[in-house]
Number of protein chains: 2
Amino acid sequence: MSSITIKEIAKALNVSISTVSKALNDSHEIGEKTKKRVLEYAEAHHYKPNLLAQNLKTGKSNTIGVILTSINNPFCSQIIEGIQQHALKVGFEVIFMQSRENPEIERSCIETLMQRGVDGLLISPVDETSNQKLLEDIHDHNFPVVIFDRIQHNLETFKIGVNNFQGAYLATKHLIDSGRTKIVNITASRFGLSGERFKGYHQALTDAGIAFDDQFHIQCNMQNQEVLDVELKNAITRLMSAENKPDAILGSSDTITVTLLGVLAELGYSVPDELAVIGFSNIDFARSLNPALSTIRQPALEIGDMAMEKLMKFIAKKNWHQVQIETTELDTILTFRKSSIQS
Amino acid sequence: MSSITIKEIAKALNVSISTVSKALNDSHEIGEKTKKRVLEYAEAHHYKPNLLAQNLKTGKSNTIGVILTSINNPFCSQIIEGIQQHALKVGFEVIFMQSRENPEIERSCIETLMQRGVDGLLISPVDETSNQKLLEDIHDHNFPVVIFDRIQHNLETFKIGVNNFQGAYLATKHLIDSGRTKIVNITASRFGLSGERFKGYHQALTDAGIAFDDQFHIQCNMQNQEVLDVELKNAITRLMSAENKPDAILGSSDTITVTLLGVLAELGYSVPDELAVIGFSNIDFARSLNPALSTIRQPALEIGDMAMEKLMKFIAKKNWHQVQIETTELDTILTFRKSSIQS
DNA sequence: TTGTAAGCGTTATCAA
DNA sequence: TTGATAACGCTTACAA
């Protein structure tokens, strides 16, 4: 690239490099007239400081790194949005990387970001212990790390996520309150968060005096859309042909719930009459589905915003190891639409 | 961060800094035993080169910048995936930024990325002329830019997108071939791409000897889900209560089409019996919608992959201004499902 | 085969 | 108020 450098400005104006540097940084050491000359010349020639050089020198980059497992879903997009909005406000830039649910890739993301000299890390870790030693190491070495979404990770730092237990509990309670008693919970087979959600579901049943039938906990392979489709179809067919037929379903993820709705339509089951459906989902068009989908929504924008806020708290302090850390579990937002309300 | 530097390695091993540097870069100038000592020490102490310093020195960062208008939709996620997969193969890293359909923000993204020393730029521009001068300027100054998706932009360089005209043409033809003649096209009111899609639709009508009724071109405000929902509801109600009722709809974007399906269900119109529906969409669960949605799909992964490939072509050449540029319009993928096939 | 030294574009210390 | 100069961590002629 061909942006002008301070050296060239110095030469053109017949002043020293350091004078230019100071002038550009609005140092009080520099006289007003000189400052003005420099600033005007810089402006006129579209001077842009070379960030690499600046960062190399100062050790600060005003950039943070964000690692998430995947950006391919509305929940993540919304978190990213929240992070970026906050970053914009505080004048930071953001580099996103995807770990693809793979600890190896996650490690390489972390290392890359460090090498690039980011000032801090926001991460939604692959699992409870992924790269724990590495993260502890860098966090201890004066490099701030904040965890979002997957807050069950063991690193001791700020963590921002959602009260999954409560979300699932309230959704299940809603189903029970609407007269459903035979409630199925469909979760992914791999992800840790489903655990809390399952617990909430389970507790709601218990509190209502409903015995949990372990046939009613379905764990799906989420590898891809086709596999999921087949698994759901099989599961529903099996459940609905058993003697103890369910009358409601709680979906533990966006993909599961939306796909489920399609499967039920295809199999000819009416929602909510035969089966009420509610699920964790952050899609924008939940109300446009057929039927309009009842959702447990995560305040994704706020998660991103708060994660960024906590990270900035670290970055701002000189010795931030004294900062009082805490885990924040935001409330989910339940919206009851047609799919779970008896018509 | 506290990664060790070559200076420290040099001191520890009692060799010079340049020896270490050369050894790490596997230079032939360095003896095997020395090389081995250095490599082992580096390995043992987790040496990681400081990329900022490396980049500052070499002027190459092995990083490319990607600017897209928004990452909040499946099409973009898939493009990103394609870019990242290719980047991984060629050992490059990727920084993503969002322009949010705003030329000002776009400009700042471009500048930021340049300052960060990326080796090239992949951009899906806000509109035909957004930041054209700036882009031309940097592209001319030996900094490669490749355009993807929004290929109607005026910059002269490689462009990779989709044949929107053809996609819309074939989809419309499909509707006509299935016996529909009164076909509505719903487009967004703002985006340039809708233009080509409308033209394809229009041409298909013409070729089939069907007169275009301009009541049948609906332009929607896509500002947010609620607004769109209302606009669609009004449009459908109006259309279906007119004397010349439509019998099919072509949706020109993901959001429009999926939302439309919900609206039709809510208003009680049966798809495809009363209204056939087909639309541009890259959602994974099109087949899980109710009814399964016929789609014109863009090969997003391939777009990302090819865009990256073209950019690498530039980056690889010393004097790449001789490279023969071209615009690639990939074919869309039409999948006919229940929503457009008379049962 | 190894080392010296200059330089990438900045900032920062210390003299002038 | 300004200017040499060293330094950040690395690469690379060029010398030894």
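On a predicted model such as this, the values are computed, not experimentally measured, just so you know. Chain identifiers are assigned alphabetically (A, B, ...) following the order of the sequence lines, protein sequences preceding nucleic acid strands; residue numbering begins at 1 within each chain.
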Looking at B:Phe75, is its backbone amide N or carbonyl O close enough to the side chain of B:Gln78 to form a donor-acceptor pair, meaning the two atoms are under 3.5 Å apart?
no
Does A:Lys7 get its side chain close enough to the base of C:dG7, under 3.5 Å, for a donor-acceptor pair?
no
[X] has an atom [atom1]; how far is it from atom [atom2] of [N], in whole Å?
X       : N      : atom1 : atom2 : answer
A:Lys35 : D:dT1  : NZ    : P     : 9 Å
B:Lys36 : C:dT1  : NZ    : P     : 17 Å
A:Lys48 : C:dG9  : NZ    : P     : 17 Å
B:His28 : D:dT12 : NE2   : P     : 12 Å
B:Ile30 : C:dG3  : CD1   : P     : 8 Å
B:Ile6  : C:dT4  : CD1   : C1'   : 14 Å
B:Leu13 : C:dT1  : CG    : C1'   : 16 Å
A:Asp26 : D:dT1  : CG    : P     : 13 Å

Return the residues of residues 54-63 of chain B meeting this criterion: a heavy atom under 4.0 Å from some atom of DNA chain C. Order them by number, or give none.
B:Leu56, B:Lys57
Out of [options], which has the shortest distance to the side chain of [X]?
X       : options              : answer
A:Glu29 : C:dG3, C:dG9, C:dC14 : C:dC14
A:Asn50 : D:dG3, C:dT1, C:dG9  : C:dG9
B:Ser18 : D:dG3, D:dT2, C:dT4  : C:dT4
B:Val15 : C:dG9, D:dG3, C:dG3  : C:dG3

Going by an N to O cut-off under 4.0 Å, is there a salt bridge joining [X] and [Y]?
X        : Y        : answer
A:Arg150 : A:Glu101 : yes
B:Glu32  : B:Lys36  : no
B:Glu309 : B:Lys89  : no
B:Arg100 : A:Glu81  : yes

Would you classify A:Ser21 as touching base, sugar-phosphate or nothing, given that sugar-phosphate means primed atoms plus P, OP1 and OP2, and contacts are heavy atoms under 4.0 Å?
base
Think B:Thr19 has a side-chain N or O under 4.0 angstrom from the OP1 or OP2 of C:dT2?
no
For D:dC10, does either OP1 or OP2 sit under 4.0 Å from a side-chain N or O belonging to B:Tyr47?
yes
Can you list every ring pair (Phe, Tyr, Trp, His ring centres under 6.0 Å) pair that touches residues 31-71 of chain B, not counting sequence neighbours?
B:Tyr41-B:His45
From the list A:His153, A:Glu136, A:Glu111, A:Glu106, side chain to side chain donor-acceptor pair (under 3.5 Å) partner of A:Asn131 resolves to A:Glu106
